[in-house]
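Worksheet: the structure to be examined is printed underneath.
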2 protein chains.
Amino acid sequence: MSVKRKSTTDAVEILHQRFFKGQPERLKALEEARADDEVARKIFELRKKAGLTQAQLAKMIGTTASVISRLEDADYEGHSLAMLRRIAAALDKRVEIRFVPVRRSA
Amino acid sequence: MSVKRKSTTDAVEILHQRFFKGQPERLKALEEARADDEVARKIFELRKKAGLTQAQLAKMIGTTASVISRLEDADYEGHSLAMLRRIAAALDKRVEIRFVPVRRSA
DNA sequence: TAGTCTATTCGCAAATTTGCGATGTGGCAA
DNA sequence: TTGCCACATCGCAAATTTGCGAATAGACTA
């Protein structure tokens, strides 16, 4: 996510063009990318609502601003539960994971 | 989780003795351990409901049985979103992450 | 313009997770 | 008992994530 170069909204549009208009075999990749984007956006929103800069949040969880920036990058795929929990803990939240059924299309 | 040596229930009891009766400073560690236990159990239940053995699920996501066993271990802390998604995808599910508020006690 | 603040990106080392075979155990059936 | 099957655990290499400083850029203000 960003203030300039690559907004989350843009990322979604780019993804749409890149995958949706392409072959349907790539739908799985789309879903994964979307899920990453979702996590990135959630972290971003959580931080914003808390009124923190990346550097401030970073300090709270014992890391640096560039790490937070990476986590909020819509293209980043390396999220770990451990990291999500560190962020959640700093913001008085807890991470809830659910496996929800997905409609199997034809 | 297991069929013999270390049941999930036992793990919870052990955790209780190890942390709860100990110093309150370790409450954070408790929460983390519990969250891991929760993920482990969810994977276990998902697999069971699908009527699969560890080896079968492993094959579906392109890994081996020992890996699944490790993921279902209540003490394992290394869950990644990528792995959860691989499992979810194999079982026609998707992973939903939520940051839920936690009551800040005195 | 210079200075400051916020955020992105790069590069590489360190830490962590994953892959996977080998080994051991318990349950169950022949 | 012997032979499987399902699972747990160990050990180590390979892959991935994290840590973090440095460089870059846009926005804003003095």
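Here is the naming used below: chain letters follow the sequence lines, and residue numbers restart at 1 for every chain.
Here Arg47(A) does not reach the OP1 or OP2 of dT6(C): none of its side-chain N or O atoms lies under 4.0 Å away. In terms of phosphate contacts, Lys48(B) brings no side-chain nitrogen or oxygen within less than 4.0 Å of OP1 or OP2 of dA6(D).
If you measure from atom CD of Glu72(A) to atom C1' of dA7(C), you get 9 Å, rounded to the nearest angstrom. Atom pair Lys59(A):NZ and dT6(C):P shows a separation of 13 Å (rounding to whole Å applied). If you take CG of Leu57(B) and C1' of dC7(D), they are 13 Å apart, rounded to a whole angstrom. To the nearest angstrom, P of dA7(C) lies 19 Å from CG of Asp75(A).
Taking Thr63(B) as the reference, Ala58(B), Ile61(B), Val67(B), Ile68(B), Arg86(B) meet the side-chain contact (heavy atoms from CB on, under 4.5 Å) condition, with sequence neighbours excluded. Under the side-chain contact (heavy atoms from CB on, under 4.5 Å) criterion, Glu96(B) pairs with Arg98(A), Val100(A), Arg94(B), Arg98(B), not counting sequence neighbours.
Listed by first and then second residue, the ring-ring contact (aromatic ring centres under 6.0 Å, His included) pairs that reach into residues 51-75 of chain A come to none, sequence neighbours excluded. A ring-ring contact (aromatic ring centres under 6.0 Å, His included) check over residues 66-90 of chain A, counting only residues at least two apart or in different chains, returns the pairs Tyr76(A)-His79(A). Contacts classified as ring-ring contact (aromatic ring centres under 6.0 Å, His included) and involving residues 54-75 of chain B (residues at least two apart or in different chains) are not found.
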key: Under 4.0 Å protein heavy-atom contact, by nucleotide of nucleotides 14-20 of chain D - B base, S sugar-phosphate only   = ---SBBB
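Hydrophobic clustering places Leu46(A) together with Leu57(A) (ILVMFWY residues linked when any side-chain heavy atoms are closer than 4.5 Å, directly or through intermediates).
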